[in-house]
Amino acid sequence: MKKIVLIVLVICAFSVKIDAQERVKWHTDLNEAIEIAYKEDKKVMLFFTGSDWCGWCKRLQKEVFNTNDFEKWSNDVVLVELDFPRRTPQDQDIRNQNLYLQSIFKVRGYPTVHFVKPEKKDDGKTNLQSLGSTGYVKGGASAWLDVANNIVNKTI
């Protein structure tokens, strides 16, 4: 009986964590994310990561992005994952987009998180106004979210 109760508790714990991960929507197409940001009047969070090789990226995801606190916070921004995998196959258009954005934002290390505000220019093009950036922040979700809030909520 004790084994059954333990198994049920373990399954429940995993399902709660998986459920929190599934409720957070990460986009990989920047243009799609910008359209959503325009429609919902939100800022965009660009997460530059090496999903299959970067230990600090995995740690940031585990300690921050896979938490309920981040899930609640993320409702106010549009999330974009810009991945640079080494072993996982990736669509060439997404890879080209990610390399272009890496160059524009001068990303030199991972994880790097940039916050931007998309603005439509008179000529119809989009400008991504940089609000600031961060990476891994020691102290878990609350510490990282404090840094992110300071960036996202600063007056331009």
Side-chain angles (χ1 to χ4, degrees), residues 17-156:
K17 185 172 183 171
I18 289 169
D19 191 40
Q21 291 172 347
E22 290 175 356
R23 289 189 303 244
V24 175
K25 173 67 174 156
W26 287 93
H27 300 274
T28 56
D29 183 327
L30 180 64
N31 292 324
E32 178 185 302
I34 288 172
E35 286 305 314
I36 293 168
Y38 282 141
K39 287 178 188 172
E40 298 179 8
D41 192 30
K42 293 182 177 181
K43 295 171 182 162
V44 178
M45 183 181 117
L46 305 173
F47 173 44
F48 293 86
T49 182
S51 65
D52 64 1
W53 60 268
C54 173
W56 288 105
C57 300
K58 292 175 184 180
R59 190 169 179 179
L60 178 60
Q61 288 181 318
K62 179 182 175 188
E63 293 179 12
V64 179
F65 299 163
N66 294 344
T67 66
N68 289 329
D69 289 340
F70 180 80
E71 177 196 344
K72 291 174 194 164
W73 178 87
S74 70
N75 291 324
D76 296 329
V77 296
V78 179
L79 305 173
V80 180
E81 181 182 65
L82 303 167
D83 196 9
F84 297 85
R86 291 186 179 162
R87 295 177 298 276
T88 306
Q90 186 177 44
D91 178 81
Q92 191 60 42
D93 290 338
I94 295 296
R95 180 166 176 67
N96 291 341
Q97 167 201 263
N98 295 357
L99 289 167
Y100 177 69
L101 292 168
Q102 177 190 40
S103 172
I104 287 175
F105 288 98
K106 297 178 175 58
V107 173
R108 303 280 184 249
Y110 303 96
T112 298
V113 179
H114 277 273
F115 297 93
V116 298
K117 180 179 180 183
E119 298 174 327
K120 282 193 179 179
K121 298 175 82 177
D122 293 336
D123 61 4
K125 294 182 180 178
T126 299
N127 182 41
L128 297 179
Q129 181 180 12
S130 179
L131 303 173
S133 66
T134 188
Y136 176 82
V137 176
K138 184 179 176 184
S142 61
W144 192 91
L145 291 171
D146 284 344
V147 171
N149 281 326
N150 286 335
I151 295 169
V152 171
N153 297 324
K154 74 179 181 182
T155 307
I156 302 171

Flag the pair [X] / [Y] as yes when at least one side-chain heavy-atom distance between them is below 4.5 Å, and no otherwise.
X	Y	value
Leu128	Leu30	yes
Pro118	Val44	yes
Thr28	Gln97	no
Asn68	Arg23	yes
Phe115	Lys154	no
Phe84	Val107	no
Phe105	Thr112	no
Asp83	Trp26	no

* Asked: Can the ring centroids of Phe48 and Tyr110 be said to lie less than 6.0 angstrom from one another?
  -> no
Could you tell me whether [X] atom [atom1] has more than 12 heavy atoms of other residues or ligands within 6.0 Å of it?
X	atom1	value
Asp91	CG	yes
Tyr100	OH	no
Asp122	CG	no

Quick check for you: to the nearest 0.5 Å, what is the distance between [X] atom [atom1] and [Y] atom [atom2]?
X	Y	atom1	atom2	result
Glu40	Asp76	CD	CG	10.5 Å
Phe70	Glu63	CZ	CD	13.5 Å
Ser130	Ile104	OG	CD1	11.5 Å
His114	Ile151	NE2	CD1	9.5 Å
Arg95	Gln90	CZ	CD	6.5 Å
Leu60	Asn66	CG	CG	9.5 Å

Heavy-atom pair with the smallest gap, counting every atom of [X] and [Y]:
X	Y	value
Met45	Val77	CB-CG2, 4.5 Å
Ala33	Val80	CB-CG2, 3.4 Å
Pro111	Phe47	CB-CE1, 3.7 Å

* Asked: Among Val113, Leu145, Val147, which one satisfies side chain to side chain contact (heavy atoms under 4.5 Å, CB included) with Val137?
  -> Val147
* Tyr136 and Trp56 aromatic ring geometry - parallel, tilted or perpendicular at 30°/60° bounds -> tilted
* Test side chain to side chain contact (heavy atoms under 4.5 Å, CB included) applied to Thr134 and Trp144, step by step -> CA-CA 9 Å; Thr134 188; Trp144 192 91; 3.9 Å; yes
* **side-chain hydrogen bond (donor to acceptor under 3.5 Å, both in side chains) between Gln92 and Asn96, worked out** => CA-CA 6 Å; Gln92 191 60 42; Asn96 291 341; 2.9 Å; yes
* Asked: Quick one: does Asp52's side chain have a donor or acceptor within less than 3.5 Å of a partner on Arg87's backbone?
  -> yes
* Any sub-3.5 Å donor-acceptor pair from Lys42's side-chain atoms to Ile36's backbone N or O? -> no
* Gln102-Asn98 side chain donor-acceptor pair, cut-off 3.5 Å -> no
* side chain to side chain contact (heavy atoms under 4.5 Å, CB included) between Thr49 and Phe65, intermediate numbers included -> CA-CA 12 Å; Thr49 182; Phe65 299 163; over 6 Å; no
